[in-house]
Amino acid sequence: MSLRVYNTLSGKKEIFEPLVPGKVGMYVCGVTAYDYCHIGHARANIVFDIIYRYLQFLGYEVKYVRNYTDVDDKIIQRANERGIDSRVLAEEFIQAFDEDMASLGLALPTCQPKATEHIDQIIAIVKRLIERGLAYESAGDVYFAVEKFPDYLKLSKRNMEDMRSGARIAPGEQKRHPMDFALWKTAKPGEPCWDSPWGPGRPGWHIECSAMSMEFLGESFDIHGGGKDLVFPHHENEIAQSEGYSGKPYVKYWIHNGFVNVNQEKMSKSLGNFFTIREIHKSYDPEVVRFFILTAHYRSPIDFCDQNLQEARAGLTRFYEALQGAAEAVAGLEPDGGGSEEGAALEDRFREAMDDDFNTAQAIGHLFDGVRAINRHCTTKKFRKKPELVASVRDLRQTVLRLGAVLGLFQSDPRTWLEQQKLAALSRLDIDVQQIEQRIAERNQARRDKDFARSDAIREGLEDKGIVLLDTAQGTDWKIK
RNA sequence: GGCCCCGUCGCCAAGUGGUAAGGCAGAGGUCUGCAAAACCUCCAUCACCAGUUCGAAUCUGGUCGGGGCCUCCA
């Protein structure tokens, strides 16, 4: 079965066939650098990180471009509020973005261009759009004339009549049609600006993505992605500008990820109910966040709340415990190198799920089956004397790790990861490691004395504080309840 | 007002014509001095109604409920 992707343009799942066999050009709208990234940015970037990784896993040579928009009304406004230069502000948040994405374990895109480094290309596109009669100058601004582009609104599937009521003209704008949008804005005093045929000014919001995508990927390319909220107006306007400029189809597959809700409520800048990635990391490991996001399909809405994150942590812990168990179970045994039927079957099902519009939720479901198989084998009596089971466990472990890598999961050392989670959880409790170990020593003495009443009392006392004791052949360990 | 999406077990969440993945929680069992983990077993007919079909959670129409876009937002 081949890869199928949902294309916003057609509203259907389509067989994925890149323009050039074996190669994929992919552009994803990055951030406007004026604030810290929130969980919505995390989702979008994780989703496209997975798409990038999976395309590579399938053997495609992928050129992945993700931009920084570093000149924009909001950047200027925020910089003015803080009394600093807008370029300084943009740099600050670009750096923060890079740190946040790295913390989430994202693979680096092939190119990460900045809008301000592509002003020449932007001006060239605007000039040509004017020459072609698709744009016009008006008091130093340049607007795109949407009525001159018959395909306008083909992505968002609306019509001009319906949109008209919502469209408005801001004071100072001199547009011919309310839906026309700015390609170039004349500079106001104190704003960053560049020379242009229309006087000093700066790009409008959408044009930078047309310029950067076509610069790196050509006038037609395979995949353009972003959050659902960008369909209109951002991506619609990109199509108008780019196709108006080149006369060619701009993008073959438009891919949009769904929203993140917070406690069942729409998250938005205006409501102010968003969490930054930095805040979230104080409570949850970045991999837990990634795991949570990938347990839903990328187009479905997800609800960001404590319960869901805690469940994600429990699920991820199950993976790491199984991987740790598998590593211990086969330690010291002669490797036989070969694969296994179970491992191969797992990979087949994983690919089948991912081929169906990157269904990570289903793919993770299959990986859970792999976990159960590992655990089942490892707990089989005389496991180490059964070569088929040993081979299966070894192969399943490697398969889970290898497929996990496609999702950006399970790549930490299990023992280290589990230990970190334990200590992080402990720091929120009213007890420390020394106290726990003290109690364990007392209990072990009681057990040696066959004083089980005292032993159980200690167990229960610790449990009240959130600590569960685990008796193993190697001694007594503990974990957070 | 226009356009669009969704409603699957207690919770989360896949499944878009062939008879309901998975996780969490729950019940029983194996193991354990007792526990925990792990493993085994069990646990839904898909908001409602009416159609199409040999067959529908999946298609059509309607009802009820929830949400999104049309304004900055991933």
Side-chain angles (χ1 to χ4, degrees), chain A residues 11 13 28-32 34-35 37-48 72-74 77 153 156-159 161-168 170 179 205 225-234 256-261 264-271 274 291-292 295-297 299-303 305 307-319 321-322 325 349 353 356 359-369 371-381 443 446-447 450-453 455-456 459-460 463 468-472 476-479 481:
Chain A
K13 281 185 201 171
V28 173
C29 290
V31 280
T32 299
Y34 73 102
D35 205 344
C37 291
H38 54 62
I39 180 69
H41 294 106
R43 183 181 197 189
N45 284 286
I46 286 170
V47 162
F48 289 102
D72 165 90
D73 291 353
K74 295 186 292 293
Q77 190 192 332
L153 303 181
S156 52
K157 300 171 179 43
R158 301 159 200 257
N159 62 65
E161 291 70 51
D162 295 337
M163 296 294 291
R164 199 150 191 149
S165 58
R168 59 202 65 163
M179 298 282 293
W205 170 32
K228 215 176 177 177
D229 50 330
L230 295 181
V231 173
F232 185 87
H234 186 54
H256 294 97
N257 63 275
F259 287 122
V260 177
N261 293 136
Q264 319 244 42
E265 202 180 39
K266 170 190 158 62
M267 179 181 84
S268 77
K269 295 259 162 108
S270 46
L271 287 173
F274 57 89
F291 187 86
F292 162 64
T295 49
H297 183 87
R299 283 187 283 118
S300 302
I302 54 173
D303 188 35
C305 63
Q307 188 190 337
N308 288 348
L309 268 288
Q310 278 162 19
E311 281 188 11
R313 176 154 55 202
L316 185 56
T317 301
R318 187 164 152 81
F319 274 98
E321 284 178 346
R349 283 181 295 151
D356 186 11
N359 194 336
T360 54
Q362 177 136 62
I364 288 173
H366 293 322
L367 294 178
F368 268 115
D369 290 336
V371 164
R372 193 186 300 109
I374 286 173
N375 288 335
R376 185 173 53 238
H377 294 156
C378 289
T379 52
T380 299
K381 286 204 169 79
R443 176 168 169 275
R447 292 174 76 202
K450 303 280 188 218
D451 183 358
F452 294 121
S455 164
D456 290 348
R459 173 191 288 290
E460 281 156 29
E463 196 158 341
V468 179
L469 297 185
L470 314 172
D471 294 326
T472 72
T476 302
D477 198 3
W478 57 274
K479 67 171 203 169
K481 201 174 183 177

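In what follows, every chain begins at residue 1, and chains take the letters A, B, ... in the order their sequences are listed. These numbers come from a predicted model, not from an experiment.
We find the CD1-NE2 distance between I302(A) and H297(A) to be 12.0 Å, quoted to the nearest 0.5 Å.
At the heavy-atom level, D73(A) lies nowhere under 4.0 Å from the strands shown. Within 4.0 Å of T380(A), counting heavy atoms only, lies no atom of the nucleic acid at all. Contacts of G325(A) with the nucleic acid, taken as non-hydrogen atoms under 4.0 Å apart, are absent. Contacts of F259(A) with the nucleic acid, taken as non-hydrogen atoms under 4.0 Å apart, include base atoms. Within the nucleic acid shown, D456(A) comes within 4.0 Å of at least one base atom, counting heavy atoms only. Across all strands, R447(A) comes closer than 4.0 Å to base atoms (heavy-atom distances). In this structure, R443(A) reaches the bases: a heavy-atom distance under 4.0 Å links it to at least one base atom across the strands shown. When heavy atoms are screened at a 4.0 angstrom cut-off, K450(A) is found touching no nucleic acid atom at all. Within the 4.0 angstrom heavy-atom criterion, only backbone atoms of the sugar-phosphate kind lie near G227(A); the bases stay farther away. Using a 4.0 Å heavy-atom criterion, one finds that H38(A) contacts the bases of the nucleic acid, with or without backbone contacts as well. Residue V31(A) is out of contact with every strand shown, counting any heavy-atom pair closer than 4.0 Å. In this structure, L470(A) reaches the bases: a heavy-atom distance under 4.0 Å links it to at least one base atom across the strands shown. Residue R43(A) is out of contact with every strand shown, counting any heavy-atom pair closer than 4.0 Å. Contact annotation for K157(A): backbone-only contact, meaning every heavy-atom pair under 4.0 Å involves sugar-phosphate atoms and none involves a base.
Side chain of S455(A) to backbone of D451(A): no donor-acceptor contact under 3.5 angstrom is found. Remark: side-chain polar atoms of N308(A) are paired, donor with acceptor, to backbone N or O of D303(A) under 3.5 angstrom. Using a distance-only test at 3.5 Å, with no hydrogens or angles considered, a donor-acceptor pair links the side chain of H41(A) to the main chain of H38(A).
A close approach under 4.0 Å does not occur between any side-chain nitrogen or oxygen of W478(A) and OP1 or OP2 of A36(B). Checking the phosphate oxygens (OP1, OP2) of C4(B), no side-chain nitrogen or oxygen of R158(A) falls inside 4.0 Å. OP1 and OP2 of A36(B) both lie 4.0 Å or more from every side-chain N or O belonging to K479(A). When the side-chain nitrogen and oxygen atoms of K228(A) are compared with OP1 and OP2 of C73(B), none of them lie within a distance under 4.0 Å. In terms of phosphate contacts, N359(A) brings no side-chain nitrogen or oxygen within less than 4.0 Å of OP1 or OP2 of A14(B). Between T472(A) and A36(B), a side-chain N or O to OP1/OP2 separation shorter than 4.0 Å is absent. For A37(B), the OP1/OP2 oxygens have no side-chain nitrogen or oxygen of R318(A) closer than 4.0 Å.
Taking atom P in both C39(B) and G22(B), one finds a spacing of 13 Å when rounded to whole Å. A distance of about 23 Å separates the P atoms of G66(B) and U60(B), rounded to the whole Å. Comparing U8(B) with A57(B), their P atoms are spaced 15 Å from each other, to the whole Å. Spacing of C1' atoms, U16(B) relative to U53(B), comes out at 16 Å, to the nearest Å. Rounded to whole Å, the P atom of C43(B) lies 15 Å from the corresponding atom of G23(B). U45(B) and G61(B) are spaced 22 Å apart, taking the C1' atom of each and rounding to whole Å. Going from the C1' atom of U71(B) to that of C11(B) covers 35 Å, rounded to whole Å.
In terms of position along RNA chain B, the nucleotide closest to D369(A) lies nearer the 5' end than the nucleotide closest to the other residue of the pair D369(A) and A44(A). Along RNA chain B, the nucleotide nearest E265(A) and the nucleotide nearest Q362(A) are compared for position; the residue whose nucleotide lies closer to the 5' end is Q362(A).
Per the stacking criterion (ring centres < 5.5 Å, plane angle < 30°), F368(A) does not stack onto the base of G22(B).
Residue N261(A) contributes atom CG, which lies 13 Å from atom C1' of C5(B) at whole-angstrom precision. Atom CD of E463(A) is separated from atom P of A37(B) by 10 Å (rounded to the nearest Å).
For L230(A), taking side-chain heavy atoms from C-beta onward, the closest of the listed nucleotides A38(B), G33(B), A74(B) is A74(B). Taking every side-chain heavy atom of R459(A) into account, A35(B) is the closest of A35(B), C39(B), A74(B). Relative to the side chain of K74(A), the nucleotides G68(B), C34(B), C72(B) differ in distance, and C72(B) lies closest. Side-chain proximity of H41(A) to A74(B), A36(B), A14(B): nearest is A74(B). Considering only the side chain of N375(A), A38(B) comes nearest among A38(B), C70(B), C73(B). You'll find that the side chain of A361(A) is closest to A13(B), out of C73(B), A13(B), C24(B).
N257(A) meets the side-chain hydrogen bond (donor to acceptor under 3.5 Å, both in side chains) test with no other residue; sequence neighbours excluded. Considering only residues two or more places apart in sequence or on other chains, F232(A) meets the ring pair (Phe, Tyr, Trp, His ring centres under 6.0 Å) condition with none of them.
Side-chain atoms of R349(A) and D369(A), non-hydrogen and from C-beta on, do get closer than 4.5 Å to each other. Residues F259(A) and K228(A) are in side-chain contact: their nearest non-hydrogen atoms beyond the backbone lie under 4.5 Å apart.
One finds a salt bridge joining K13(A) and D356(A) here, because a Lys/Arg side-chain nitrogen approaches an Asp/Glu carboxylate oxygen to under 4.0 Å.
By the 30° and 60° cut-offs, the orientation of the rings of F368(A) relative to F319(A) is tilted.
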Output one line per pair: protein atom, nucleotide atom from nucleotides 9-12 of chain B, and distance, for all N/O pairs under 3.5 Å.
from, atom 1, to, atom 2, distance (Å)
C11(B), O2', Q307(A), NE2, 3.0

(request) Decide yes or no on side chain to side chain contact (heavy atoms under 4.5 Å, CB included) for R459(A) and D471(A), but give the supporting numbers first. (result) CA-CA 11 Å; R459(A) 173 191 288 290; D471(A) 294 326; 3.4 Å; yes
